[in-house]
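Atoms within each ligand, like the ligands themselves, are counted from 1 in listed order. All values derive from a computational prediction rather than experimental measurement.
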Amino acid sequence: MNILFISPEVFPFAKTGGLADVVGALPEAIAKKGHKASTIMPFYQLVKKNGFKPVMFKKNISLRINNREEFFNLLLLKHSGVDVYFIEKNEYYDREFLYGTPQGDYQDNAFRFGFYAKAILASIPYIGRQDVFHCNDWQSGLVPLYIKAHHKDDPLFNNVKVLFTIHNMAYQGLFIKDVVPYLDISWDLFNQAGVEFWDKLSFMKAGIVFSDAISTVSKGYSKEILAPEFGCGLDGLLKNREKDLYGIVNGVDYSVWNPAVDQFITRKFNEKDLKGKIECKKDLAKAFEIKYNAKRPIIAMITRLAEQKGIDLVVNIMKDILKDSDFVILGFGDEKYNNIFKGLAKKYKGKVGVSIKFDNALSHKMEAGADMFLMPSRYEPCGLNQMYSLKYATVPVVRAVGGLDDTIQNFNPATKKGNGFKFKDATNEALLGAIKEAVAVFKNKKLWDELLKNCIACDFSWESSAEQYLKLYKNL
Ligand code: ADP
């Protein structure tokens, strides 16, 4: 099969979150199974900053949008068995950020990602016919719409299938309806059964309505989004499409997230010999100016600073956390929380370490050096760091929701089964309860070592998830 992965971010070229890791690794796993996998993304400034230099594949491709002829360049880079295409249109993508500045989204995102969708379809004559378009998140939502509405009779798109994967229901790509004609969307589609969401244009709805199947990134989340609490207003629509809705858990790229080969950590280690982890913990303590103490666990978080991630709960109980543990956080996002955490670092100097930025190298050091990894998310479509943590013998403490609930089982000191600690309610008390349980086991070295063994033994490699995607593509 020929499968084209459509995603607004792809690791290692440009990343703001988990989506990039997934679309960085899945096509590679699919290609290894003998299929032709390609990805296509905008050519952002960040791709150049990250040191990548794709070559010109086709210059000045033209497309029509809003009754105008527009041009773009198609660039190509061959990477780990995958053809990675970039849409070069500098007025839209040659900017400092991917989607917006810390002050807010770019005002012209409807045009930036509408153009992206059009450009992808205009590239197909040069890239070649595809069997499956695998779209990811709202930024790719207009691709299925344009295929179904504009390319019905085009032999290049005859019988192609579209899968739309939702990595986060809360980000839907909503825009004022004035943009509808500019994006060549017929007003006939602007209704409740089509792309309208409370009088706005919804890119996510376009993706859901016009795709052949929809998937999310864990079984748990695929059930949760059918109810109002996590459906973000689209639960009714998803319920209508329930028979086409799948949940496939994300995998881990163990060539990147693995303490035995990790280039960013001070001392490598593996399941047979964890001594290197002690050096990594010292290194982490140094990086965050924490006083190293083998007997005190370091609890880490790496996260977008958004309320989704439950960081308000962490702030509320910081004083209690610090009674037995130290705390480090790497995050970036909501200005309010950027400042709150900077304040906590000052207040609890030597016990709390805070780094407000996006830093891939530091995130690896944290996975390797921390004793526990905290994810108290309000909702979590899949979550990646809990799975990364397991391999680094860093014990996840998570809220039992979405993909976190699917991948982490509570440790039971009596049976010695389980790979982390879970709590149910999004409350200060429940979170603190789980942390206390974890710390109690940490203090019992023998028990803790049993738990670490269970963690390291978990295997979330892409192998099995890639198989499930392939089965789904074939069924389509
Ligand atoms: P989401 O996609 O909702 O942000 P995930 O847990 O699925 O959450 O994935 C987050 C990914 O982004 C992980 O790989 C995590 O390590 C990374 N990440 C998040 N914030 C930062 C940061 N400030 N610096 C480096 N990496 C980060």
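Within 6.0 Å of the NZ atom in K48, the count of heavy atoms belonging to other residues, nucleotides or ligands exceeds 12.
Of the listed residues (K309, Q308, M366), the one carrying the non-hydrogen atom nearest atom 1 (P) of ligand 1 is K309. Around atom 21 (C) of ligand 1, the closest heavy atom drawn from Y379, F358, F332 belongs to F358. For the residues E9, M387, R304, the heavy atom positioned nearest atom 4 (O) of ligand 1 is part of R304. Looking at I356, N385, T303, L384, it is N385 that brings a heavy atom closest to atom 13 (C) of ligand 1.
Not a single N or O atom of W257, backbone or side chain, sits closer than 3.5 Å to an N or O atom of ligand 1. Checking only distances, S363 never comes within under 3.5 Å of ligand 1, N or O to N or O. Taking any N or O of N168, backbone or side chain, none lies under 3.5 Å from an N or O belonging to ligand 1.
A donor-acceptor contact closer than 3.5 angstrom is absent between the side chains of N475 and Y246. Between E9 and T16, the side chains place a donor N or O and an acceptor N or O closer than 3.5 Å (distance only, hydrogens not considered).
The residue from Y171, F175, F164 that alone fulfils the ring pair (Phe, Tyr, Trp, His ring centres under 6.0 Å) condition with W138 is F175.
For ligand 1, the atoms closer than 4.0 angstrom to any heavy atom of G17 are 2 (O), 11 (C), 12 (O). Close approach to G18 involves these atoms of ligand 1, each under 4.0 Å from a residue heavy atom: 1 (P), 2 (O), 7 (O), 9 (O), 10 (C), 11 (C). Within ligand 1, the atoms closer than 4.0 Å to a non-hydrogen atom of K357 are 22 (C), 23 (N), 24 (N), numbered from 1 in the order shown. Atoms of ligand 1 lying under 4.0 Å from at least one heavy atom of K15, given by number and element, are 12 (O), 13 (C), 14 (O), 17 (C).
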Exercise. How far apart are the C-alpha atoms of R95 and D108, what are their side-chain angles, what is the distance that settles it, and do they pass the salt bridge (Lys or Arg N to Asp or Glu O under 4.0 Å) test?
Worked result: CA-CA 12 Å; R95 301 184 188 176; D108 57 349; 2.6 Å; yes
For this session: Check the pair V314, M318 against side chain to side chain contact (heavy atoms under 4.5 Å, CB included), reporting the backbone distance first and the verdict last.
Result: CA-CA 6 Å; V314 179; M318 187 56 77; 3.9 Å; yes
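In this structure, I435 CD1 and I299 CD1 are separated by 5.0 Å, a value rounded to the nearest 0.5 Å.
Between D312 and R378 a salt bridge is recorded (basic side-chain N to carboxylate O distance below 4.0 Å). The pair E463-K33 counts as a salt bridge, with a side-chain nitrogen and a carboxylate oxygen less than 4.0 angstrom apart.
When non-hydrogen atoms are compared, ligand 1 lies under 4.0 Å from the side chain of D21 (C-beta onward) but not from its backbone. Contacts of H167 with ligand 1, taken as heavy-atom pairs under 4.0 Å, are absent altogether.
Cation-pi geometry between K15 and F11 is met: the NZ or CZ atom falls under 6.0 Å from the ring centre, inside 45° of the normal.
Every heavy atom of C382 sits 4.0 Å or more from the atoms of ligand 1.
Looking only at heavy atoms of the protein, atom 24 (N) of ligand 1 is closest to D359 N, 3.0 Å.
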